[in-house]
2 protein chains.
Amino acid sequence: RKRVLVTGGAGFVGSHLVDRLMLLGHEVTVLDNFFTGSKTTVGHWVGHPNFELVRHDVVEPYMTECDQIYHLACPASPPHYQFNSVKTVKTSFMGTLNMLGLAKRTKARFLITSTSEVYGDPEVHPQHEEYWGNVNPIGPRACYDEGKRVAETLTYGYHRQDGVDVRVARIFNTYGTLNPFDGRVVSNFIMQALRGEDMTIYGDGSQTRSFQYIHDLVDGLIALMNSDETRPVNIGSSDEFTIGDFALLVREIVEKVQKEDGTLPTPRVQVIYKPLPTNDPQKRRADTTRAKQVLEWQPRWTVRMGVEEMVRYYKAKMAEGS
Amino acid sequence: RKRVLVTGGAGFVGSHLVDRLMLLGHEVTVLDNFFTGSKTTVGHWVGHPNFELVRHDVVEPYMTECDQIYHLACPASPPHYQFNSVKTVKTSFMGTLNMLGLAKRTKARFLITSTSEVYGDPEVHPQHEEYWGNVNPIGPRACYDEGKRVAETLTYGYHRQDGVDVRVARIFNTYGTLNPFDGRVVSNFIMQALRGEDMTIYGDGSQTRSFQYIHDLVDGLIALMNSDETRPVNIGSSDEFTIGDFALLVREIVEKVQKEDGTLPTPRVQVIYKPLPTNDPQKRRADTTRAKQVLEWQPRWTVRMGVEEMVRYYKAKMAEGS
Ligand SMILES: NC(=O)c1ccc[n+]([C@@H]2O[C@H](COP(=O)([O-])OP(=O)(O)OC[C@H]3O[C@@H](n4cnc5c(N)ncnc54)[C@H](O)[C@@H]3O)[C@@H](O)[C@H]2O)c1
Ligand SMILES: NC(=O)c1ccc[n+]([C@@H]2O[C@H](COP(=O)([O-])OP(=O)(O)OC[C@H]3O[C@@H](n4cnc5c(N)ncnc54)[C@H](O)[C@@H]3O)[C@@H](O)[C@H]2O)c1
Ligand SMILES: O=c1ccn([C@@H]2O[C@H](COP(=O)(O)OP(=O)(O)O)[C@@H](O)[C@H]2O)c(=O)[nH]1
Ligand SMILES: O=c1ccn([C@@H]2O[C@H](COP(=O)(O)OP(=O)(O)O)[C@@H](O)[C@H]2O)c(=O)[nH]1
Ligand SMILES: O=c1ccn([C@@H]2O[C@H](COP(=O)(O)OP(=O)(O)O)[C@@H](O)[C@H]2O)c(=O)[nH]1
Ligand SMILES: O=c1ccn([C@@H]2O[C@H](COP(=O)(O)OP(=O)(O)O)[C@@H](O)[C@H]2O)c(=O)[nH]1
């Protein structure tokens, strides 16, 4: 039983991680400023003697005693992180600095959730951990991509200089319940298809992504935290889709669920095309060789299984009227 | 006549810039923590009514009123910036943040001295400003390279979000008087040759650099500050040498000067080889098309002229015993 600090614990990934850590019997403290997260995602733990929820912005220092820090605090969806790009890069840099300072003082183990965005619009495919990336340092995505890159730089700076025990997870696109309105592709497509709206493909849909389900990610993060691996480790799926094919797959799954429930609407939802955002990466797929070797981890959820679970969840939520 | 703030103004580039700004009649305030700079480099201005020297670390906020900010504060030589890599990246990030905050409050124009290191070990040659770079985010040079990349990200964040009037100079390798012991290649080679020591080539000497003389850089910085160009602008030389050839050229120039002075020693100094530092860029040459077009700037000093001036300067200094 450990004292575990989770920054950004009220967000999408954080709340799933907190659920798992609580079920494992740890003492969990969540730090969150509720910029993109919400109290309701962890609301079911409030009042539990092992749980504490603290409203705190990680840009400011924070003192506590703990054994492990999962440092997630940072908006992750392009519309969110571009809302105030200066704030995003400050959160990434100063939040990580403060949590590393805390780890140094308490000798806690520190894990940061970095991202496949450190590889940018990659020229090496699939992306392995030794690849240095192709990132525009002054483009609209830079606040997030460069913020994470320099957060990694800081992390290894504290590791080499102060002996802080660090773990770096480079997370690839992840989807799952709890985050329907984040503007990212999986939730957009599912909600559009469920509501009978046009499904919006940005660009011509030829860009690729590989999508992992949240449960696999949580497994990977906990495995990494409790491993001896201090190098960066990709956590993601290597099951690559073009966005165009993915739209059709989501539509097919939504229709299947609707048919089973006898709610299949006519006419069928259509796919429409919108402009491609600037610097949108052309392809992305995780090379997870290292995770397999050092963590014995690999994804267990297929996209079909995960999307179907999400569709049922959102459908039930919509029926509830929430 | 303007009120000009120069951070890092006691360093190599800063002190040359300060000389020029003072001669142009501006009111100049220097902020420096004297980590690599020294009071003596600007000592000749102390007491001048237009000059002020303030001991201040840019990691901390600073308030003043001014019209232009040249933000240079940051160690630039690999041995210096690797001495405390966490401090380097903090200087780069928080120093830039604070100076942008100051620029926002005072509506001063803000110029940052970024670096060709944002291009890393480049795969595009020569390097133009649209190239995104090839940088190892967690290597030994990352504290400097990623620190500068994220400082640019911040700069354009404040530009877009708060309307701060910004200038970004990406400076390529620069040499000149005042900085004999910075561990960089030009001063190392000259001092070694003058002292009759072995000249140390790291690696096999096939890596390339292009070297600009400090007077050209100062011209370029002042031209950029007073131009309308808000995009990044390379300031450097496009005269490319392998490090091996450059060693021979320096030796030849040193011997020429020694011969004229009748001090040519025997035996001749030798070139020796040492291990190549990790992530040492294989080639680097500035594409200065943009600077030519928008600033009508181009280097006027050849390497032969610049190195010869430096050799005479250091020889005189050595004769003085300093
Ligand atoms: N979801 C993905 O596909 C994905 C992919 C790569 C990396 N990641 C990383 O995983 C982490 C969690 O992402 P997510 O998808 O759960 O995003 P999210 O936006 O749902 O969660 C982020 C959480 O951090 C909080 N937060 C933001 N700024 C804060 C600040 N300054 N102080 C305190 N709390 C703050 C938010 O309120 C929110 O609860 C992030 O670090 C993200 O970069 C996610
Ligand atoms: N010399 C080059 O070839 C070169 C190339 C590219 C970019 N640059 C950039 O030009 C600028 C000046 O470089 P330089 O060659 O004169 O280096 P330098 O080390 O001689 O000068 C840097 C100055 O900044 C000061 N400083 C460092 N940290 C500080 C802090 N936290 N607070 C206040 N002052 C601080 C140092 O004391 C020193 O006076 C740097 O930003 C550097 O990155 C230089
Ligand atoms: O328990 C702690 C210890 C440190 N810090 C912050 O972490 C950062 C880095 O701390 P460190 O001790 O490494 O550096 P310093 O305080 O010397 O800047 C600083 O902003 C501290 O305020 C924190 O938030 N909690
Ligand atoms: O409604 C949407 C949302 C996103 N995308 C595309 O889907 C991919 C993944 O986008 P997301 O924002 O989920 O994450 P990213 O990987 O870009 O950070 C990108 O190519 C987006 O341009 C899309 O076609 N339609
Ligand atoms: O004259 C000033 C104004 C601001 N700042 C610092 O610049 C940074 C960014 O300032 P900004 O106003 O953008 O942000 P905020 O204060 O809201 O964090 C802050 O750390 C300020 O302390 C400064 O050093 N001098
Ligand atoms: O005594 C020296 C110092 C540097 N170098 C090499 O010269 C080049 C320029 O090094 P410097 O430190 O001046 O600047 P950099 O461009 O690497 O930042 C690099 O390839 C170094 O490995 C060298 O051969 N001998």
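Residue numbering restarts at 1 for every chain, and letters A, B, ... go by the order of the sequence lines. On a predicted model such as this, the values are computed, not experimentally measured, just so you know.
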Would you please test A:Phe93 and B:Val89 for side-chain contact (heavy atoms from CB on, under 4.5 Å) and show each step?
CA-CA 10 Å; A:Phe93 186 90; B:Val89 68; 4.0 Å; yes
What's the spacing between [X] [atom1] and [Y] [atom2] if we round to 0.5 Å?
X	Y	atom1	atom2	answer
B:Gln161	A:Gln82	CD	CD	11.0 Å
A:Tyr156	B:Cys143	OH	SG	15.5 Å
B:Asn136	A:Thr153	CG	OG1	8.5 Å

When B:Glu123, B:His159, B:Arg149 are compared by non-hydrogen pairs under 4.5 Å with chain A, the top option: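 Top count of heavy-atom pairs under 4.5 Å with chain A: B:Arg149.
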Quiz item: Out of A:Val135, A:Asn134, A:Val150, A:Thr88, which one racks up the most heavy-atom pairs below 4.5 Å with chain B?
Solution: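 Between A:Val135, A:Asn134, A:Val150, A:Thr88, the count favours A:Val135.
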Quiz item: For chain B, which of A:Arg231, A:Lys90, A:Met94 has the most heavy-atom pairs under 4.5 Å?
Solution: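 Option with the top pair count is A:Lys90.
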Query raised in the report: Is there a side-chain contact between A:Ile138 and B:Pro232 (heavy atoms, below 4.5 Å)?
Result: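 Yes, side chains in contact.
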Relative to chain A, which segment of B:Asn84 carries a heavy atom at a distance below 4.5 Å: side chain, backbone, both, or neither?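 Backbone plus side chain of B:Asn84, per the 4.5 Å heavy-atom cut-off to chain A.
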Of the backbone (N, CA, C, O) and the side chain (C-beta and beyond), which part of B:Leu97 lies under 4.5 Å from a heavy atom of chain A, both, or neither?
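For B:Leu97, the side chain is the part near chain A, not the backbone.
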**Asked** Between B:Arg160 and A:Gly139, which heavy-atom pair has the shortest distance, and what is it?
**Response**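 It is NH1-O, 3.8 Å.
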Shortest non-hydrogen contact from B:Gly157 toward A:Ser85:
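Closest approach of B:Gly157 to A:Ser85: CA-OG, 4.1 Å.
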### Task
Using heavy atoms and a sub-4.5 Å threshold, report which of residues 124-132 of chain B line up against chain A, by residue number.
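Residues of residues 124-132 of chain B touching chain A at under 4.5 Å: B:Trp132.
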* To do: Mark yes when over 12 heavy atoms from residues, nucleotides or ligands other than B:Phe34 sit less than 6.0 Å from its CZ; otherwise mark no.
  =>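 Yes, enclosed.
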